[in-house]
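In what follows, every chain begins at residue 1, and chains take the letters A, B, ... in the order their sequences are listed.
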There are 2 protein chains.
Amino acid sequence: MDSITTLLRNRGFKVTPQRLAIYKVLVNTRSHPSAEMIFNDLQPVYPTMSLATVYKTIEILQELGLVQRLNVGEDSFRYDAIVDSHPHIRCLGCGRVDDLEEVDSQEFVKSIDEATSYKITGQQFYFFGYCPVCQKQKKHQN
Amino acid sequence: MDSITTLLRNRGFKVTPQRLAIYKVLVNTRSHPSAEMIFNDLQPVYPTMSLATVYKTIEILQELGLVQRLNVGEDSFRYDAIVDSHPHIRCLGCGRVDDLEEVDSQEFVKSIDEATSYKITGQQFYFFGYCPVCQKQKKHQN
DNA sequence: CTGCATGCAAAGTGTTTGCAGCGAC
DNA sequence: GTCGCTGCAAACACTTTGCATGCAG
């Protein structure tokens with residue numbers, strides 16, 4: 001099987017409670033947390049864990065292909081345990097970041113691929129707007 | 001007319017040689033420079049200009065809608081005087097960033113807009129791959 | 001028991017801010 | 001002449017690194 005435990009061991013990484021806990025946070029959320037959010041999440045359970053460990057672990061998880069790093073135009077990165085390429089949207093009112101998995105972007109990618117002389121290896125799509133809650137609260141203008 | 005001079009004055013900003021020079025760099029390039037690249041470009045002509053001035057000016061230019069800020073997954077931002085929303089691609093071999101203006105993304109945006117409950121106000125599309133030069137030089141694997 | 005991982009603190013990087021002197025108007 | 005702008009340096013926020021101690025294997 002390809003559990004995180006196996007993947008870590010196969011690559012010569014040690015399996016530590018911290019690493020398992022950080023990965024578990026990412027797998028169990030849809031909020032696309034930043035390193036600090038993960039750190040805060042784990043504070044109650046791992047009060048001695050440091051932010052540096054979160055960063056170091058995330059880097060390994062990215063290397064293993066278990067996590068992808070997002071840049072939704074904030075000061076910090078966010079992380080997603082769903083590693084296939086799918087569009088994301090960030091609410092300009094409350095800052096939440098959601099997946100946009102409903103739409104298939106293959107066709108769009110294909111048309112770009114056909115139009116450019118680059119050899120494309122990946123892509124990131126970011127949308128910005130106002131979530132339903134913020135629309136009601138009139139946190140948006142225009 | 002809507003020259004940068006007029007736009008600055010209309011908003012109560014002063015027209016300084018530094019501001020004009022920074023904007024000129026952005027208008028005359030397709031390389032999507034970072035703040036530091038702009039700073040380096042101007043060193044020969046404005047040897048006393050500081051990086052802080054570049055940042056402050058760029059912020060004003062963004063406010064005026066003359067410049068957009070890109071995040072192509074590097075440590076620093078890049079800037080583009082072409083302000084309409086168009087996809088960008090960064091070469092993983094040499095780091096160059098190009099426009100992908102050939103393809104119309106309206107349809108893709110529309111399909112996302114119809115599928116989400118967000119009110120979309122903007123989007124950014126980033127592609128990654130290898131430019132023709134780097135493909136020849138085999139800077140890519142696989 | 002060995003060597004990698006953790007956690008702390010310090011360093012690093014790009015960007016922002018404060019402020020005295022300067023220049024646009 | 002006024003007030004905003006520049007340029008310097010310091011501050012900032014996030015992330016990375018160095019290293020002594022700790023723990024997985």
Side-chain angles (χ1 to χ4, degrees), chain A residues 3-23 25 32-40 42-64 67-79 95 97, chain B residues 3-23 25 32-64 67-79 90 95 97:
Chain A
S3 69
I4 173 169
T5 303
T6 312
L7 283 168
L8 283 169
R9 288 225 177 88
N10 286 350
R11 293 281 296 271
F13 295 112
K14 286 186 176 167
V15 178
T16 67
Q18 289 92 333
R19 287 177 178 168
L20 298 179
I22 289 164
Y23 183 59
V25 169
H32 308 86
S34 64
E36 194 154 6
M37 291 173 191
I38 296 170
F39 174 74
N40 290 334
L42 292 172
Q43 273 304 95
V45 189
Y46 293 87
T48 69
M49 186 186 290
S50 80
L51 201 46
T53 298
V54 177
Y55 279 111
K56 286 169 186 166
T57 297
I58 286 171
E59 189 172 350
I60 291 171
L61 294 177
Q62 287 183 254
E63 234 180 288
L64 297 180
V67 163
Q68 69 168 312
R69 185 161 87 156
L70 309 179
N71 192 320
V72 284
E74 297 172 312
D75 294 331
S76 53
F77 291 104
R78 284 166 173 264
Y79 302 92
V97 175
Chain B
S3 69
I4 174 170
T5 304
T6 311
L7 283 168
L8 284 169
R9 288 224 176 88
N10 286 351
R11 292 280 296 271
F13 294 113
K14 286 187 176 165
V15 179
T16 67
Q18 289 91 334
R19 286 176 180 169
L20 298 179
I22 290 164
Y23 183 59
V25 169
H32 309 85
S34 64
E36 193 154 7
M37 292 173 191
I38 297 170
F39 174 72
N40 290 334
D41 258 35
L42 292 172
Q43 273 304 95
V45 189
Y46 293 86
T48 68
M49 186 187 291
S50 79
L51 201 46
T53 297
V54 176
Y55 280 112
K56 286 170 187 166
T57 297
I58 286 171
E59 189 172 351
I60 291 172
L61 294 177
Q62 287 183 253
E63 234 181 288
L64 298 180
V67 163
Q68 68 168 314
R69 187 162 85 155
L70 309 179
N71 193 318
V72 284
E74 297 171 310
D75 295 331
S76 52
F77 292 104
R78 285 166 173 263
Y79 302 93
R90 178 164 64 90
V97 175

For the pair made of [atom1] in [X] and [atom2] in [N], what is the distance, rounded to whole Å?
X	N	atom1	atom2	value
A:E59	C:dT6	CD	C1'	15 Å
B:R69	C:dT16	CZ	C1'	11 Å
B:L8	C:dA24	CG	P	14 Å
B:M49	D:dA9	CE	P	17 Å
B:L20	D:dC5	CG	P	13 Å
A:R11	C:dG3	CZ	P	21 Å
B:F77	C:dT15	CZ	P	6 Å
A:I58	C:dA5	CD1	C1'	16 Å

Would you call [X] and [Y] a side-chain contact if the rule is heavy atoms closer than 4.5 Å?
X	Y	result
A:T53	A:T16	no
B:I38	B:I58	yes
B:I60	B:L8	yes
B:V15	B:I4	no

Looking only at side-chain atoms of A:V15, point me to the closest of C:dA9, C:dT15, D:dG25.
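Looking only at heavy atoms from C-beta outward on A:V15, the closest nucleotide is D:dG25.
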Options C:dG14, C:dT6, D:dG7, nucleotide nearest the side-chain atoms of A:T16:
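Comparing C:dG14, C:dT6, D:dG7 against the side chain of A:T16, the answer is C:dT6.
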How would you label the contact of B:Q18 with the nucleic acid (heavy atoms, under 4.0 Å): base, sugar-phosphate, or nothing?
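It contacts sugar-phosphate atoms only.
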Between [X] and [N], is there a contact of a side-chain N or O with OP1 or OP2 at under 4.0 Å?
X	N	answer
B:R9	C:dC25	yes
A:T53	C:dG7	yes
A:S50	C:dT6	no

base_contact_polar (D:dG22 base, A:K14 side chain, donor-acceptor, <3.5 Å)
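No, no donor-acceptor pair under 3.5 Å.
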Quick one: the side chain of B:K56 and the base of D:dG7, do they pair up donor-acceptor inside 3.5 Å?
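Side chain to base: pair found, below 3.5 Å.
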On DNA chain C, check which nucleotide each of B:S76 and B:P17 is closest to and give me the residue with the more 5' one.
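Comparing both residues, the 5'-ward one is B:S76.
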Pairwise 5' ranking along DNA chain D for B:R19 and B:P47, keeping only the more 5' one:
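Result of the comparison: B:R19.
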Run B:R90 and B:H32 through side-chain contact (heavy atoms from CB on, under 4.5 Å) and show every step you take.
CA-CA 10 Å; B:R90 178 164 64 90; B:H32 309 85; over 6 Å; no
